[in-house]
Amino acid sequence: MDIVKIAIAGARGRMGREAVQLVKRTRQYELVAVIDHKNGGGYLRDFDGFSGDDQIPVYTDIVICFQEQKPDVLIDLTTPEVGMYHTKTALEHGVRPVVGTTGFTKENLRELEVLCHEKGLGCIIAPNFALGAVLMMKFSQMAGKYFNDVEIIELHHDQKLDAPSGTAVKTAEMIAGVREKKEQGHPNEKETVTGARGANFDGMHIHSVRLPGLIAHQQVMFGSEGQTLTVRHDSYNRASFMSGVKLAVDTVLKIDTLVYGLENIME
C-alpha cells in the first residue's frame, strides 16, 4: 500500500487538531508538514496541546513546504482568502487539495476548475465534512421537489466568521436546483426589525444563529397544506467531520477535476 504524504494548513485550530490526529492514526497516511501563518521554523510539538514526539516541520511559506516535503495532498482548514491562495498554490505545485474552508465565490470555483483541468489534478472543497450533514443536504434536495416552501436555520458557535454557513448556502443551492422558484410569505410582508426574516436565497429564507456551546447544526423546514417536514443534523464535536475528511483524501487521489461538496462523491 502506497503511503499518502499529507500537509495540513490550520493545524492549530480545532478542526486542524482533529485532522492531525486522523492522519496520525491512519496507517497509509504520513503527516510530513504543517503550514502556519506565524510559527514557521519549528516543529508541531512546539504548539500547545501537541505531544513531544510530534517532530513535524512547520512552515510559513507554503511554496517552500511543497518544494521540500513534496506532499501528495494538502488538507486546508484556514480561511476563505488564505484557503484560495493555498488551493491555487497546491495545484500549481502538483499537490491535490482537500479544503474545508467555506466562503469560496463562484468565480473562485471556476478559476480552480480551470486550474484542475490544466494540471490534471483533483481538488475537493467541502462546505461540510460530516457525512450526516451531507445526507441532510441530499434528503433536503429530494424534499425540495415536492415542497416549494422551505426555510433553513443553521446554528454554529459564536466564533464562526461567515454567515450564513457554507452548508446552508450549499443546501439552498441544491434545493433551488429542483424547486420551482417562489417568493415565500405574504406578498405584503414587512420586517418591523431589519433582518427578522433572514437572508433571501431564491425566495427561500436562511437564518443564522451564533451562540457559545454550539458546534455545527442545521435544520431545513418544509411546509405545505396541513403538514411540515423537518430534516436536521447535529455535530456535537469536531471528530464528526473526520470521516468525511478521510473520504475526501482517499477520493482526491483518484480524480482529475474540481469537486464542490461531498455529496458528489458519496454513492
Side-chain angles (χ1 to χ4, degrees), residues 1-104 108 112 115 119 121-126 129 157-162 212 215-216 237-250 252-253:
M1 181 181 298
D2 292 337
I3 297 298
V4 181
K5 297 169 67 176
I6 297 175
I8 296 177
R12 285 188 295 116
R14 293 179 178 132
M15 276 282 287
R17 290 174 183 273
E18 291 290 346
V20 167
Q21 296 307 313
L22 168 70
V23 174
K24 289 174 65 176
R25 68 174 177 261
T26 304
R27 291 181 59 186
Q28 69 268 31
Y29 294 171
E30 178 186 359
L31 181 60
V32 296
V34 164
I35 298 136
D36 189 272
H37 71 283
K38 64 178 182 179
N39 293 291
Y43 295 95
L44 182 61
R45 67 187 179 193
D46 300 329
F47 294 163
D48 289 341
F50 290 96
S51 62
D53 62 348
D54 286 328
Q55 299 186 47
I56 310 301
V58 179
Y59 293 82
T60 53
D61 190 320
I62 194 170
V63 173
I64 295 176
C65 172
F66 291 157
Q67 291 173 342
E68 292 185 354
Q69 300 299 329
K70 296 179 171 55
D72 302 301
V73 175
L74 168 70
I75 299 175
D76 186 88
L77 303 166
T78 58
T79 64
E81 297 78 11
V82 175
M84 180 63 183
Y85 169 69
H86 284 176
T87 303
K88 285 182 61 178
T89 306
L91 291 169
E92 289 166 352
H93 287 79
V95 181
R96 297 168 183 263
V98 168
V99 185
T101 305
T102 60
F104 285 85
N108 291 154
L112 294 173
L115 192 53
K119 299 294 184 179
L121 294 171
C123 171
I124 296 176
I125 300 174
F129 279 117
H157 55 89
D158 61 345
Q159 298 303 300
K160 186 170 178 59
L161 298 178
D162 56 325
I215 298 294
N237 58 52
R238 289 168 180 83
S240 65
F241 303 116
M242 292 305 108
S243 57
V245 172
K246 186 176 186 304
L247 174 64
V249 170
D250 293 343
V252 79
L253 296 165

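Residue numbers count from 1 along this sequence.
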Q: So, the side chain of Ser240 versus the backbone of Asn237: is there a donor-acceptor pair under 3.5 Å, distance only?
A: yes
Q: Has the side chain of Asp46 got a donor or acceptor atom that lies under 3.5 Å from a matching backbone atom of Tyr43?
A: yes
Q: Could you walk me through whether Leu31 and Leu44 pass the side chain to side chain contact (heavy atoms under 4.5 Å, CB included) check?
A: CA-CA 10 Å; Leu31 181 60; Leu44 182 61; 4.1 Å; yes
Q: Considering all heavy atoms of both residues, which atom of Pro97 and which atom of Ala90 are nearest to each other, and what is their separation?
A: CG-CB, 3.9 Å
Q: Atom OG1 in Thr87, atom CG in Leu115: separation rounded to 0.5 Å?
A: 10.0 Å
Q: Considering all heavy atoms of both residues, which atom of Val34 and which atom of Ala11 are nearest to each other, and what is their separation?
A: CG1-CB, 3.7 Å
Q: State, yes or no, whether a side-chain contact exists between Pro80 and Asp162 at a heavy-atom distance under 4.5 Å.
A: no
Q: For the NE2 atom of His86 and the CZ atom of Phe66, what is their distance to the nearest 0.5 Å?
A: 7.5 Å
Q: In Å, rounded to the nearest 0.5 Å, how long is the span from CE of Met84 to CG of Asp76?
A: 11.5 Å
Q: Write out all pairs satisfying salt bridge (charged side-chain N to carboxylate O under 4.0 Å, His left out) with one or both partners inside residues 6-17, taking only residues at least two apart or from two chains.
A: Arg12-Asp36
Q: Which heavy atom in Val63 sits nearest to a heavy atom in His93, and how many Å separate them?
A: CG1-NE2, 3.6 Å
Q: Does the Thr101 side chain pair with the main chain of Thr78, one donor and one acceptor, at a distance under 3.5 Å?
A: yes
Q: Calculate, to the nearest 0.5 Å, the distance between atoms CG and SG belonging to Leu112 and Cys123 respectively.
A: 5.5 Å
Q: Within the side chain of Asp250, is there an N or O that forms a donor-acceptor pair under 3.5 Å with the backbone of Leu253?
A: no
Q: Please find the pair of heavy atoms, one from Ile3 and one from Arg27, that lie closest to each other, and give the distance.
A: CD1-O, 3.8 Å
Q: Near Lys88 NZ, under 6.0 Å, is it more than 12 heavy atoms from other residues, nucleotides or ligands?
A: no
Q: Checking Tyr29 against Lys246 for the side chain to side chain contact (heavy atoms under 4.5 Å, CB included) test, could you report, in this order, the C-alpha distance in whole Å, the side-chain angles of both residues, the deciding distance, and whether it holds?
A: CA-CA 10 Å; Tyr29 294 171; Lys246 186 176 186 304; 3.3 Å; yes
Q: As a quick check of understanding, evaluate side chain to side chain contact (heavy atoms under 4.5 Å, CB included) for Met15 and Phe241, giving each step before the final call.
A: CA-CA 8 Å; Met15 276 282 287; Phe241 303 116; 3.2 Å; yes
Q: Name all pairs fulfilling the side-chain hydrogen bond (donor to acceptor under 3.5 Å, both in side chains) condition that reach into residues 63-75, sequence neighbours left out, sorted by first residue then second.
A: Tyr59-Glu68, Tyr59-Gln69
Q: Show the numbers, then the answer: is there a side chain to side chain contact (heavy atoms under 4.5 Å, CB included) between Val252 and Val73?
A: CA-CA 8 Å; Val252 79; Val73 175; 4.0 Å; yes
Q: Compare every heavy atom of Leu121 with every heavy atom of Gly94, then report the nearest pair and how far apart it is.
A: CA-CD1, 3.6 Å
Q: Can you measure from CG (Leu74) to OG1 (Thr89) and round to the nearest 0.5 angstrom?
A: 9.5 Å
Q: Return the minimal non-hydrogen interatomic distance between Leu77 and Gly100, and the atom names on each side.
A: CD2-CA, 3.9 Å
Q: Keeping the roles fixed (side chain from His157, backbone from Gln159), state whether a donor-acceptor pair exists under 3.5 Å.
A: yes
Q: Starting at CG of Leu22, measure out to CE of Met242 and round the result to the nearest 0.5 Å.
A: 6.5 Å
Q: Any chance CZ of Phe50 has more than 12 other-residue heavy atoms, nucleotides or ligands included, within less than 6.0 Å?
A: yes
